[in-house]
There are 2 protein chains.
Amino acid sequence: MSCETDTIETVRNSDQRMTPQRLLVLSAIRHSGEHININQIHAQVKKAYPIINISTIYRNVAVLKELRLISETYKTDGETLYEWIGDHTHMHMMCRDCNDMIEIDDKYLDSFKKDIRDDFGFNIDIDHLAISGLCKPCKQLEQVGYDN
Amino acid sequence: MSCETDTIETVRNSDQRMTPQRLLVLSAIRHSGEHININQIHAQVKKAYPIINISTIYRNVAVLKELRLISETYKTDGETLYEWIGDHTHMHMMCRDCNDMIEIDDKYLDSFKKDIRDDFGFNIDIDHLAISGLCKPCKQLEQVGYDN
DNA sequence: TTTGCACCTGCATTTTTTTGCAATAAGCAT
DNA sequence: ATGCTTATTGCAAAAAAATGCAGGTGCAAA
């Protein structure tokens, strides 16, 4: 896989080493459908490398996040999810009632980002935010007067 | 303080009770300058109520957050901060290099919120997000070719 | 290929956060 | 005021996450 090669280069070019453990963490995240949490990564990596320690997972995830190869999303219910940063960057909207998450293309942020850059000089990362709110169905339930 | 009265009503109207512990957590957050973390809340409450348990702080913070009296912000460096939700709602931009945080008025989100509501029916909360990015000074350093 | 240095790992330990449970107390109704 | 129901608390214990350290290992340079 050539994309794997890019990844390895990215890691090496930054004074970091590509260890088997790190590679496994990386591919667990990449090959999971979309979002994956620490325990799922651990379980996945264990299949190929049973003795790996959970702290190694934590530390590798921190490194990969730092390198911006993966994104970290704090769900509003507390869970932390990781995701491969591919080309279709997006953000997350999470419903505060049903906890459902929808993905929204980054293009919606374009003008917001521009305003912030113009007025504050702050350059927003197209990082993955879990923005909380009320999804359509829950909003409708609320309007019907059906409390919670 | 009449505002305190409103708060107490909010709590009572939702099947929750206003205990001395809860009130102290509430005012610790309210009277802190802006952001405050769990340990700071704990330390603050202890002054008036020395035997309070840290788990009580965690649980009260969760309740107050649920009631939307306080906001919870995950900084990109991992720290979790709490803040009283007053009238001047705002969001946070945190620099991924220097970790400095700036506050930005919610009005900047208005058109973004409208777009999301129109296209997805999702109603974004004016919650406090810590959006990561590069602040002006760090961006300039980067452009000078001064790595990290 | 070999060497050397700095990064990484696993393990043990500490710190932080969550949870179960019995006792307590808030606050509504009488 | 008093009693009753049930949320809340403190404590202990569990679970989750972070950290220190000594030995192992990637990998660039010789």
Side-chain angles (χ1 to χ4, degrees), chain A residues 4-5 7-28 36-43 45-46 48-67 69-70 72-82 148, chain B residues 4-5 7-29 36-46 48-67 69-70 72-82 99 147-148:
Chain A
E4 208 85 312
T5 313
T7 305
I8 294 176
E9 275 317 294
T10 304
V11 172
R12 291 202 179 138
N13 287 155
S14 60
D15 259 340
Q16 320 270 29
R17 278 126 196 218
M18 185 45 84
T19 64
Q21 292 92 330
R22 183 161 292 169
L23 192 56
L24 286 166
V25 169
L26 208 45
S27 72
I36 186 171
N37 66 29
I38 284 280
N39 288 327
Q40 292 168 323
I41 298 171
H42 192 198
V45 173
K46 262 184 170 168
Y49 199 109
I51 63 152
I52 197 161
N53 195 279
I54 185 76
S55 67
T56 301
I57 308 286
Y58 278 108
R59 283 184 286 214
N60 272 309
V61 155
V63 168
L64 299 173
K65 174 188 158 198
E66 191 71 24
L67 291 176
L69 289 170
I70 63 173
E72 180 182 64
T73 304
Y74 299 106
K75 286 171 65 187
T76 50
D77 67 357
E79 197 178 7
T80 305
L81 298 178
Y82 298 92
N148 287 11
Chain B
E4 208 84 312
T5 313
T7 305
I8 293 175
E9 276 316 296
T10 304
V11 173
R12 292 204 177 134
N13 288 155
S14 60
D15 258 341
Q16 321 268 30
R17 287 156 190 185
M18 186 43 87
T19 64
Q21 291 93 332
R22 184 162 292 167
L23 193 54
L24 286 166
V25 169
L26 207 44
S27 71
I29 297 172
I36 186 170
N37 67 28
I38 285 281
N39 288 327
Q40 292 168 323
I41 298 171
H42 192 199
Q44 194 60 34
V45 173
K46 262 184 170 168
Y49 199 108
I51 62 150
I52 196 161
N53 194 280
I54 184 77
S55 68
T56 301
I57 308 286
Y58 277 107
R59 282 185 286 215
N60 272 310
V61 155
V63 168
L64 299 174
K65 174 189 157 195
E66 192 72 23
L67 291 176
L69 289 169
I70 63 173
E72 181 182 64
T73 304
Y74 300 107
K75 285 171 63 186
T76 51
D77 68 356
E79 197 178 7
T80 305
L81 298 178
Y82 298 92
N99 278 0
D147 287 311
N148 287 8

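Lettering of chains follows the sequences in order, A, B, ..., and the numbering in each one begins at 1. Note that this is a predicted model, so its numbers are computed, not measured.
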For atom CG of D15(A) and atom C1' of dC8(C), their distance in whole Å: 13 Å

Side chain to side chain contact (heavy atoms under 4.5 Å, CB included) partners of N37(B), counting only residues at least two apart: N39(B), Q40(B), E79(B), L81(B)

dA12(C) phosphate, OP1 or OP2, under 4.0 Å from N53(A) side-chain N/O: no

Residues, nucleotides or ligands: over 12 heavy atoms within 6.0 Å of N13(B) CG: yes

Listed nucleotide nearest any side-chain atom of N60(A), set dT9(C), dA12(D), dC11(C): dT9(C)

Sugar-phosphate, base or nothing in reach of I38(A), heavy atoms under 4.0 Å: nothing

Between C1' of dA13(D) and CD1 of I54(B), the distance in whole Å: 16 Å

dA15(D) OP1/OP2 closer than 4.0 Å to side-chain N/O of N39(A): no

Neighbour count >12 (heavy atoms, 6.0 Å) for atom NZ, K46(A): no

Y58(A) vs dA17(D): side-chain N/O to OP1/OP2 distance below 4.0 Å: yes

Between dT17(C) (P) and E79(A) (CD): distance, integer Å: 17 Å

Nearest-0.5 Å distance that lies between atom CG in L67(B) and atom CZ in R22(B): 7.5 Å

Below 3.5 Å is the cut-off: list the nitrogen or oxygen pairs between protein and nucleotides 21-26 of chain C, distance only.
residue	atom	partner	partner atom	Å
dA26(C)	N3	R17(B)	NH1	3.3

Under 3.5 Å: donor-acceptor pair, side chain of H42(A), backbone of I52(A): yes

Rounded distance in Å - CG (D77(A)) to P (dT17(C)): 17 Å

Nearest-angstrom distance from the residue atom CD1 of I57(A) to P of dA18(D): 13 Å

K46(B) NZ - dG10(D) C1' separation (whole Å): 13 Å

Side-chain N,O (T56(B)) to OP1/OP2 (dT9(D)) below 4.0 Å: no

For atom CG of L23(B) and atom C1' of dT9(D), their distance in whole Å: 16 Å

From CD1 (I57(B)) to CD1 (I41(B)), nearest 0.5 Å: 7.0 Å

Nearest listed nucleotide, side chain of Q16(B), among dG10(D), dA7(D), dT9(C): dA7(D)

Sugar-phosphate only, base, or nothing, as touched by I52(A) at under 4.0 Å among non-hydrogen atoms: sugar-phosphate

Separation between CD1 of I54(B) and CD1 of I38(B), rounded to the nearest 0.5 Å: 6.0 Å

Nucleotide dA16(D), atom C1' - distance to OH of Y74(A) in whole Å: 14 Å

